**Q** 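Got a structure for you, written out below as structure tokens; questions coming shortly.
Numbering starts at 1 and runs along the sequence shown. Just so it is clear, the values below take in all heavy atoms, side chains as well, and ignore hydrogens, waters and symmetry mates. Everything quoted here is computed from the prediction, not taken from an experiment.
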Amino acid sequence: MSIADITHDEWLHFDHKAAGATAEATARKVGGVVRSVHVQVFAERTAYNAIIEVDGRPFVFVPGGHAQLGFDPDSWTPTDEEVLSYLGSYRALDLFPEYADIEPDDRAEARACRTGSTVEEIRMPIAAITSRPRTAHLKSFLAATHADEAGVSEASLDHPIITALIQKWKPGYQELVDDLILPETDTDTRGRVRFGPDGEATAAWLAAHTTYDTITDELARSGRRLPTPDEWEHAYAFGARSLFPWGDRMPTRWLEDDNTLVMPDGVRVAAASPMLSGLYMAQNSYKWELTADRCEVRGADGGGAECGGDPWFTKWLIQASAYRDPEQGDFVAQRPHTLS
């Protein structure tokens, strides 16, 4: 069997020997080195992750096959807390109940707005920002474990822009200093510096506006490309048919000690962990993840829900496996990309 023809279902039934053999064969094909073949646990599901290093960068083997993608809102029924959050309650789905006495409990007010058609009304916005159920025929592929930040590149600590930034912030012990590019008309190159506990700079980057065409051209020159929308969704859900990769429910608690999200059914998900596929995806609601279709962005809404102060229901929807907001795609396609 060709490596490209290994399906997701077959991969889930592989033992360590079979997964390792696939990883070795893939590494030989791309001129890489196998760094790890291990079991990944995500939301009480398990799968092998094969990490292959190519040109010093880690990639994950993602099996293909006939992937079932998309979401049918009619198959989903919200909990009472999810309904109240949709109706405008900020206390519903509150991840930090220990601070609940700071704000008044608005759930009774939201409950009074509920009608017999509320559940159907909730399904409409979900349908508007998720892709429809379908089968995608995908080949296996390698995906970088972490997405690149558009327009950002590593820089030496003695670069003039970095040196000036270090001197500007030298008196402090900041962990990270970022000379942000704010207006889209700003064509200057900015710097970003990470400092260690002793206040010394440890790493640096340069940041500048770039474009979708520039991004895709640079990737092509290095033998890489952006994932298709179907590939992105498949790698994110990795076989989950629920609203989210972890299940149908929105989190109801955030345990700050270990950065873990808790669902109402008790399922726990490490907030900063890789997905079941082994990829770190949709990690920041402010940063879009581009796909091979310039009008299809995934994993974020540019911070709209967060900055807009929306209730938790709206904030969590951008984490849906099938999330695709056409308005976001059109907006991103028409603007320069910076740090997103």
**Q** Looking at A18 and F14, what are the two nearest heavy atoms and their distance?
**A**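 Looking at all heavy atoms of both residues, the closest pair is CB-CG, 3.7 Å.
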
**Q** Name all residues meeting the side chain to side chain donor-acceptor pair (under 3.5 Å) criterion together with R132; count only those two or more places apart in sequence or in a different chain, and write none if there are none.
**A**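 Side chain to side chain donor-acceptor pair (under 3.5 Å) check on R132 returns T130.
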
**Q** List the steps and the verdict of side-chain hydrogen bond (donor to acceptor under 3.5 Å, both in side chains) for T260 and D258.
**A** CA-CA 6 Å; T260 299; D258 58 2; 3.0 Å; yes

**Q** Could you note down all residue pairs passing salt bridge (charged side-chain N to carboxylate O under 4.0 Å, His left out) where residues 17-31 supplies at least one of them, sequence neighbours left out?
**A**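 Every candidate salt bridge (charged side-chain N to carboxylate O under 4.0 Å, His left out) pair involving residues 17-31 fails, so no pair, neighbours aside, qualifies.
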
**Q** I'd like to check the side chain to side chain donor-acceptor pair (under 3.5 Å) partners of H13; sequence neighbours left out, ordered by chain and number.
**A**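 For H13 there are no side chain to side chain donor-acceptor pair (under 3.5 Å) partners, ignoring immediate neighbours.
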
**Q** Do I126 and L317 touch side chain to side chain, with heavy atoms closer than 4.5 Å?
**A**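 They are in side-chain contact.
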
**Q** Using only atom types and a distance under 3.5 Å, with no angle test, would you say the side chain of E289 pairs donor to acceptor with the backbone of A300?
**A**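 Flag not set: sc E289 to bb A300 has no pair under 3.5 Å.
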
**Q** Might you work through the side chain to side chain contact (heavy atoms under 4.5 Å, CB included) test for L142 and V60, ending with a clear yes or no?
**A** CA-CA 5 Å; L142 285 180; V60 174; over 6 Å; no

**Q** Indicate whether the side chain of W288 and that of D301 have a donor and an acceptor atom separated by less than 3.5 Å.
**A**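 There is no such pair (donor and acceptor under 3.5 Å, judged by atom type) between the side chains of W288 and D301.
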
**Q** Hey, what do you get for CG (L279) to OG1 (T145), rounding to the nearest 0.5 Å?
**A**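 Separation between the atoms: 7.5 Å.
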
**Q** Taking all non-hydrogen atoms of both residues into account, name the closest pair between A47 and L12 and its distance.
**A**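 Reported closest heavy-atom pair: CB-CD2, 3.7 Å.
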
**Q** Are R107 and E81 side-chain neighbours, meaning at least one heavy-atom pair lies under 4.5 Å?
**A**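 Of all side-chain heavy-atom pairs linking E81 with R107, at least one is under 4.5 Å.
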
**Q** Less than 4.5 Å apart, any side-chain heavy atom of Y280 and any of M275?
**A**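 A side-chain contact under 4.5 Å is absent here.
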
**Q** On a heavy-atom basis, which atom in W312 and which in A92 lie closest, and how many Å separate them?
**A**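 W312 and A92 have their closest heavy atoms at CD1-O, 3.9 Å.
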
**Q** What do you reckon, is NE2 of H66 surrounded by more than 12 foreign heavy atoms closer than 6.0 Å?
**A**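 No, NE2 of H66 has 12 or fewer neighbouring heavy atoms, counting only those of other groups under 6.0 Å.
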
**Q** Would a single hydrophobic cluster contain both L276 and V39, if residues Ile, Leu, Val, Met, Phe, Trp and Tyr are joined by side-chain heavy-atom contacts under 4.5 Å?
**A**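 Linked within one cluster.
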
**Q** Sequence neighbours left out, what passes salt bridge (Lys or Arg N to Asp or Glu O under 4.0 Å) with E53? Give chain and number order.
**A**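 With neighbours one apart ignored, the set is R35.
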
**Q** Would you say that I122 contacts P78 through its side chain, given a criterion of any heavy-atom pair below 4.5 Å between the two side chains?
**A**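 Of all side-chain heavy-atom pairs linking P78 with I122, at least one is under 4.5 Å.
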
**Q** Are V83 and L95 co-members of a hydrophobic cluster defined by side-chain heavy atoms under 4.5 Å apart?
**A**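 Same hydrophobic cluster.
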
**Q** Distance alone, cut at 3.5 Å: any donor-acceptor contact between the side chains of S285 and E306?
**A**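 No - no donor-acceptor pair under 3.5 Å links their side chains.
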
**Q** Output yes when D148 and R57 qualify as a salt bridge under the 4.0 Å nitrogen-oxygen rule, no when they do not.
**A**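 Between R57 and D148 there is a salt bridge, with a charged N closer than 4.0 Å to a carboxylate O.
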
**Q** For G116, does its backbone N or O pair with a side-chain atom of T118 as donor and acceptor, under 3.5 Å?
**A**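 No: the side chain of T118 does not pair with the backbone of G116.
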
**Q** List for me each residue that meets salt bridge (Lys or Arg N to Asp or Glu O under 4.0 Å) alongside D55, sequence neighbours excluded, and say none if there are none.
**A**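 Residues passing salt bridge (Lys or Arg N to Asp or Glu O under 4.0 Å) with D55: none at all.
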
**Q** Determine, using the 4.5 Å side-chain heavy-atom cutoff (strictly less than), whether V62 and M281 are members of one ILVMFWY cluster.
**A**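 Yes; M281 is reachable from V62 via cluster members.
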
**Q** Output all residues satisfying salt bridge (Lys or Arg N to Asp or Glu O under 4.0 Å) with E120, sequence neighbours left out; order by chain, then residue number.
**A**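 Per chain and number, E120 pairs via salt bridge (Lys or Arg N to Asp or Glu O under 4.0 Å) with R123.
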
**Q** According to the salt bridge (charged side-chain N to carboxylate O under 4.0 Å, His left out) rule, which pairs have a member within residues 229-255, sequence neighbours left out?
**A**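 Found E82-R249, E98-R253, R134-D230, R134-E233, R225-E231, E233-R298.
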
**Q** Could you state the interatomic distance from CG (L255) to CZ (F96), rounded to the nearest 0.5 Å?
**A**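 Taking CG in L255 and CZ in F96, the distance rounds to 9.5 Å.
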
**Q** Test question: given the 4.5 Å side-chain rule for I, L, V, M, F, W and Y, name all other residues clustered with V33, or answer none.
**A**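 Once heavy-atom contacts under 4.5 Å are chained together, V33 still belongs with nothing else.
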
**Q** Any side-chain heavy atom of V332 sitting closer than 4.5 Å to one from L290?
**A**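 Side chain of V332 against side chain of L290, heavy atoms only: contact under 4.5 Å found.
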
**Q** Under 4.0 Å between a Lys/Arg side-chain N and an Asp/Glu carboxylate O for R192 and D178?
**A**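 Salt bridge flag = yes for D178 with R192.
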
**Q** Is the distance between the ring centroids of F244 and W316 under 6.0 Å?
**A**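 When the ring centroids of F244 and W316 are compared, they turn out to be at least 6.0 Å apart.
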
**Q** Distance from D217 atom CG to T210 atom OG1, nearest 0.5 Å?
**A**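 So the CG of D217 and the OG1 of T210 are separated by 9.5 Å.
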
**Q** Show the nearest heavy-atom pair for residues A23 and I52, with the distance to one decimal.
**A**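 Scanning both residues completely, I find the closest heavy atoms to be O-CD1, 3.6 Å.
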
**Q** Can you find a heavy atom in the side chain of I162 that is under 4.5 Å from one in the side chain of W205?
**A**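 They are not in side-chain contact.
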
**Q** OG1 of T79 to CG of L93: how many Å apart, nearest 0.5 Å?
**A**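 Reported value, rounded in 0.5 Å steps: 6.0 Å.
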
**Q** When hydrophobic residues are tied together by side-chain contacts of less than 4.5 Å, even through go-betweens, does W11 share a cluster with I51?
**A**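 In one cluster: yes.
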
**Q** Run E327 and D330 through side chain to side chain contact (heavy atoms under 4.5 Å, CB included) and show every step you take.
**A** CA-CA 5 Å; E327 291 185 4; D330 289 341; 5.8 Å; no

**Q** Holding to side-chain contact (heavy atoms from CB on, under 4.5 Å), I want the full list of residues that pass it with C307, two or more places apart in sequence or in another chain.
**A**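 By the side-chain contact (heavy atoms from CB on, under 4.5 Å) rule, C307 matches Y286.
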
**Q** Tell me whether H234 contacts the main-chain N or O of G239 through its side chain, where contact means a donor paired with an acceptor under 3.5 Å.
**A**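 Flag not set: sc H234 to bb G239 has no pair under 3.5 Å.
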
**Q** Compute the centroid of each ring, for H16 and then for Y48, and state whether the two points are separated by less than 6.0 Å.
**A**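 Here the rings of Y48 and H16 have centres that are less than 6.0 Å from each other.
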
**Q** Residues two or more places apart in sequence or in another chain: which of them pass salt bridge (Lys or Arg N to Asp or Glu O under 4.0 Å) with D179?
**A**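 Testing D179 for salt bridge (Lys or Arg N to Asp or Glu O under 4.0 Å), a comparison that skips the adjacent residues, returns R190.
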
**Q** State, to 0.1 Å, how close A237 and P245 come at their nearest heavy-atom pair, and which atoms those are.
**A**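 A237 and P245 have their closest heavy atoms at CA-CB, 4.5 Å.
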
**Q** Check this for me, if you would: do D80 and R114 make a salt bridge, where the nitrogen-to-carboxylate-oxygen distance has to be below 4.0 angstrom?
**A**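 Answer for the salt bridge query: yes.
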
**Q** First locate atom OG1 of T26, then atom CD1 of I3, and finally report the distance between them rounded to the nearest 0.5 Å.
**A**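 The OG1 atom of T26 sits 4.0 Å away from the CD1 atom of I3.
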
**Q** With a 6.0 Å cut-off on the ring centroids, do F42 and W246 count as close?
**A**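 Ring-ring flag for F42/W246: false, centres at least 6.0 Å apart.
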
**Q** In terms of hydrophobic clusters joined by side-chain contacts under 4.5 Å, are F141 and V30 together?
**A**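 Yes, same cluster.
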
**Q** Under 4.5 Å between any side-chain heavy atoms of L226 and T291, yes or no?
**A**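 SC-SC contact between L226 and T291 ruled out.
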
**Q** Can you pull out every side chain to side chain donor-acceptor pair (under 3.5 Å) where at least one residue sits in residues 157-167? Sequence neighbours excluded, please.
**A**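 Non-adjacent pairs meeting side chain to side chain donor-acceptor pair (under 3.5 Å): S156-D158.
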
**Q** In terms of heavy-atom contacts, does CD of E121 have more than 12 from other residues, nucleotides or ligands at under 6.0 Å?
**A**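 More than 12 within 6.0 Å, yes.
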
**Q** Looking at W76, I want to see if its CH2 is surrounded by more than 12 non-hydrogen atoms of other residues, nucleotides or ligands under 6.0 Å.
**A**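 Result for CH2/W76: enclosed.
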
**Q** Are any of the side-chain heavy atoms of T252 and M263 separated by less than 4.5 Å?
**A**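 No. Closest side-chain heavy atoms not under 4.5 Å.
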
**Q** Once rounded to the nearest 0.5 Å, what's the spacing between atom CG of D188 and atom CG of L206?
**A**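 Atom-to-atom, D188:CG and L206:CG are 12.0 Å apart.
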
**Q** I'd like to know whether CD of E109 has more than 12 heavy-atom contacts from other residues, nucleotides or ligands below 6.0 angstrom.
**A**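 Incorrect, the count does not exceed 12.
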
**Q** Is it true that R224 and E218 have a side-chain N and a carboxylate O under 4.0 angstrom from each other?
**A**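 Salt bridge absent between R224 and E218.
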
**Q** Are D105 and R91 close enough for a salt bridge, meaning some N to O gap below 4.0 Å?
**A**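 A salt bridge is present here (some side-chain N lies under 4.0 Å from a carboxylate O).
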
**Q** To check you understand the geometry: which heavy-atom pair defines the closest contact between A144 and F59, and what is its length?
**A**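 Minimum heavy-atom contact is N-CD2, 3.3 Å.
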
**Q** Which pairs pass side chain to side chain donor-acceptor pair (under 3.5 Å) with one or both residues in residues 267-277, sequence neighbours excluded?
**A**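 Matches after skipping sequence neighbours: none remain.
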
